[in-house]
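A, B, ... follow the sequence lines: proteins, then strands. Residue 1 opens every chain.
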Amino acid sequence: MTNHENFKTLDERKESIICNSKFENRNIKCDTNSVSGAVSQRACVYCGARVVLNPITDAYHIVHGPIGCASYTWDIRGSLSSGEEVYRNSFSTDLREQDIIFGGEKKLSNAIDEIVNRYNPKLIFVYATCVVGVIGDDIEAVCKRAQEKYGIEIIPVQSSGFAGNKKSGYKAGCNAILNLISRYPKHKKEFGINYLGDFNLAGEIWIIKNYLKKIGVPIITKLTGDSSFEEITKATKASLNIVQCAGSMVYLAKQLEKKYGIPYIKVSFVGIEDTINSLRNIAKQLGNKEVIDNVEKFISVQKKKFEKELSYYKKRLYGKSAAIYVGGGFKAISLIKQFKELGMKTVMVGTQTGSQDEYDLIKSLTDEGTVILDDANPTELEMFIKEKGADVLVGGVKERPLAYKLGIAFFDHNHERKHPLSGFEGAINFAKELDITVNSPVWEYVKKEGEKDVKKKFYKFEYESV
Amino acid sequence: MLELTPKEISKRKALTINPAKTCQPIGAMYAALGIHKCLPHSHGSQGCCSYHRMHLTRHYRDPIMASTSSFTEGAAVFGGKPNLQTAIKNVFNIYKPDVIAINTTCLSETIGDDIPSIIQSTDIPEGKYVIHANTPSYVGSHITGFSNMVKAMVSYFSEKEENVLTKKVNIIPGFVEPSDMREIKRIAKIMGLDIIMFPDTSGVLDTPNTGKFIMYPDGGTTVEELKATGMSRATIALGKFASEQAAYELEKKCNVTPYVLKSPVGIKATDELIMKMASLTGKEIPYELEEERGQLVDLMIDIHQHYSGKKVAIFGDPDITISMTEFAISLGMKPIYVITGTPGKDFDDIVTKMLEDAGIEGKVKSAGDLFELHQWIKNEPVDLLIGNTYGKYISKAENIPLVRVGFPILDRVGHTYLPTVGYKGAIRIIEKISSALLDKFDRECADEDFELVM
């Protein structure tokens with residue numbers, strides 16, 4: 001924070017902000033709880049668990065708690081399905097005062113009955129919310145009893161909101177998946193991979209699935225985008241796990257390695273450079289000569305196909321600067337690389353849940369002067385966006401209006417994105433959407449700070465036309 | 001996705017599917033944003049605050065600021081007092097609001113944090129205020145939360161000085177859009193009624209783009225105004241569910257006469273508001289409003305064939321749904337299904353009476369959900385849906401046009417700028433209803449039925 005003495009920030013926050021400089025040897029403070037009273041952009045354990053599990057398309061997701069937790073997560077994630085659509089409905093026990101007093105176990109048990117009697121579910125997840133953790137409902141026991149009664153999989157998810165942060169929620173979600181997998185015998189290994197940490201936002205998994213098909217690598221289980229109960233129970237067949245969203249799913253990959261001997265690699269299909277590296281790495285790990293050849297052929301075809309289109313956007317975006325504020329560190333890293341590919345510079349990078357090694361990598365990838373911050377609040381974001389003169393902010397729902405109010409472009413890299421951003425096609429979409437927002441004529445009408453009167457231009461126009 | 005909804009209705013007592021409500025704290029947060037220079041504070045886990053801000057951001061498309069106590073396991077076991085004390089200190093120190101409005105959550109309510117005593121034991125800077133509302137998520141709905149926070153404004157601020165009675169009238173607008181609050185103020189101004197509106201999110205959540213991020217925009221009811229509500233000569237509470245509690249509290253505390261009216265959506269409810277205002281000013285209703293009303297009536301007559309006899313399902317928050325049902329009846333439509341997610345027998349009674357008086361056989365339900373509404377529609381379809389964005393699933397599955405009114409609207413714009421209350425708002429609703437029905441007809445009719453003039 002050495003350069004920003006004028007900026008008043010909470011003392012507790014100072015260690016969570018660094019400026020990339022050769023003179024700065026301090027590590028960023030991260031992976032801690034938010035300060036009480038901060039306007040934090042972070043979410044809770046339950047939110048993390050929902051992110052991980054909700055995309056499982058044929059599962060019945062029962063949110064055990066008062067209605068809010070179910071309402072706010074009803075079909076907001078943008079994970080697409082090629083089959084079942086059950087997961088897009090909202091199921092809740094809608095706990096009321098008397099349930100809080102007398103306990104909610106009976107209601108939960110009835111809710112499960114009502115689902116089973118009405119439909120033919122194979123898999124039900126039961127999410128614990130804050131209040132359930134406090135009143136002491138034993139959701140494990142309720143799930144176990146119902147499971148014995150009906151002979152279907154009913155899996156408790158320990159996601160009480162206060163029991164950690166969003167990251168702990170990812171872990172709770174991964175534990176639920178492990179729980180499910182462990183209920184089936186270990187399969188014989190096959191040639192094929194599991195794809196972890198892609199939630200099929202805007203259909204991204206389908207792009208990658210298609211690539212893998214072209215290089216001759218079958219996907220056994222997708223976790224969890226466009227996935228299903230059957231698919232998940234086959235996960236132990238895989239000979240390799242590849243992990244896209246490391247923040248949410250590396251834990252699962254590690255557990256699968258430990259328990260079932262499936263090795264894993266981290267991949268990223270965000271941006272052309274990362275996509276190419278990831279495909280090569282997958283081929284290398286599988287050690288299959290044919291796949292290695294296929295990858296090279298595939299890459300050269302794709303590169304040719306997309307390079308021309310990308311160069312159009314590169315010209316339009318060259319020299320612009322970007323500010324990043326996203327959930328995980330891994331995504332931020334991919335974005336920095338992608339901006340580099342487009343000839344843009346990254347002037348601010350923040351994440352909600354980045355880890356120390358991710359921040360180290362961010363520091364090594366960015367230029368001198370780039371501000372790096374963990375668990376930022378809107379005031380800090382505003383301050384650095386202005387100071388660094390960013391042309392575009394990459395973020396999620398809550399950051400969008402902030403960017404717009406400041407009169408700068410915004411790019412949604414969260415679950416509200418409408419176009420897939422993975423692979424070569426995704427890189428084009430990324431550039432195209434950036435172009436749309438950065439070079440939109442609407443910004444001409446915004447008064448920029450320091451500009452005395454935006455109306456001047458229009459008065460001038462009026463005079464001329466008179 | 002809605003293939004999941006079976007036609008046969010079986011009784012459910014434990015499971016809610018596709019809710020038509022959400023929880024108290026978000027309503028409290030919205031109400032608190034209607035106080036000038038107020039930062040809402042969520043006393044609970046981080047997720048609550050994050051979800052509420054996200055949801056409000058999607059609806060209002062403006063930055064939503066609120067802080068959180070950031071509960072961890074320690075707080076859940078030992079209580080949230082230290083979190084709240086630190087939060088108050090930090091918030092005044094860095095975000096500098098005039099008022100912190102604390103809402104509780106299911107978590108802090110269940111562990112039993114005593115908010116008033118925590119506030120009392122915390123140093124609050126001179127000239128600053130901390131208020132609170134108990135908003136357990138397991139009671140009522142977001143509307144209850146709104147109501148509780150508005151009531152808290154009265155409990156904390158409203159003052160009565162001996163023998164002081166101002167000419168002012170308080171108006172509690174209910175859980176409506178900033179555009180609606182603006183419209184109600186405009187109407188009051190035309191009527192020559194000097195009002196204090198609280199809460200008032202106009203100028204807070206419908207701010208113009210200035211190239212600057214302003215944490216506390218100019219809008220919102222000021223603390224001085226809130227204090228002065230105790231010396232007003234009357235309170236008009238718009239909407240029983242969202243507003244009457246605060247009005248009654250004002251009566252109890254400061255002896256201000258309460259008048260509880262419907263949310264002024266549609267011609268009848270607007271008439272009632274304007275008549276009440278006229279009785280308080282003792283003056284004639286200005287021509288400007290006569291003209292607006294006349295235009296509305298003219299439009300209702302011009303195209304009454306378009307919607308007459310059409311069956312409609314209306315869902316959403318109780319106050320707006322009640323008024324919307326009344327308006328639909330005025331237009332000659334048949335609201336055969338009317339539901340709200342908010343619990344409250346009053347809703348069933350009021351709407352059932354409306355339908356009975358109009359000779360319409362319909363189903364009415366409070367504490368209902370959209371799954372059940374969908375089932376009803378599968379059994380007997382309607383021509384039109386009126387409600388919030390969540391109706392779009394039913395709309396798509398059954399090919400029924402949806403007119404978006406209420407909260408939340410997550411997929412369309414305009415609601416924050418264009419009102420649905422008052423005569424102007426009624427004209428806007430008619431335009432929407434008419435366009436929705438005719439657009440569908442034009443799109444789907446046989447070529448020989450396709451007409452230029454309609």
Identify which part of [X] has an atom lying under 4.5 Å from any heavy atom of chain A, answering side chain, backbone, both or neither.
| X | answer |
| --- | --- |
| B:Thr207 | both |
| B:Thr16 | both |
| B:Met54 | both |
| B:Thr22 | both |
| B:Phe371 | side chain |
| B:Pro343 | side chain |

- request: Measure the shortest side-chain to side-chain distance between B:Leu15 and A:Asn110 over non-hydrogen atoms and say whether it is less than 4.5 angstrom.
  value: no
Side chain from CB out, backbone as N, CA, C, O: work out which of these in [X] comes under 4.5 Å of a heavy atom of chain B, or both, or neither.
| X | result |
| --- | --- |
| A:Arg118 | side chain |
| A:Val397 | both |
| A:Ala70 | neither |

Whether over 12 other heavy atoms sit under 6.0 Å from A:Asn120 CG: no
message: Please determine whether the number of non-hydrogen atoms from other residues, nucleotides or ligands lying under 6.0 Å from atom OH of B:Tyr417 exceeds 12.
response: yes
Quick one: of [options], who has the most non-hydrogen atom pairs under 4.5 Å with chain B?
| options | result |
| --- | --- |
| A:Thr73, A:Leu95, A:Thr93, A:Ile100 | A:Ile100 |
| A:Cys130, A:Ser92, A:Gly161 | A:Ser92 |
| A:Glu97, A:Lys107, A:Glu399 | A:Glu97 |
| A:Ile76, A:Asp99, A:Asn165 | A:Ile76 |

Sidechain N-carboxylate O distance under 4.0 Å for A:Arg417, A:Asp412: no
field: Residue from B:Asp113, B:Thr105, B:Thr104 passing side chain to side chain donor-acceptor pair (under 3.5 Å) with B:His43
entry: B:Asp113
- request: Determine, using ring centers only, whether A:Tyr60 and A:Tyr119 are less than 6.0 Å apart.
  value: yes
message: Would you say the ring centers of B:His142 and B:Tyr30 fall short of 6.0 Å from each other?
response: no
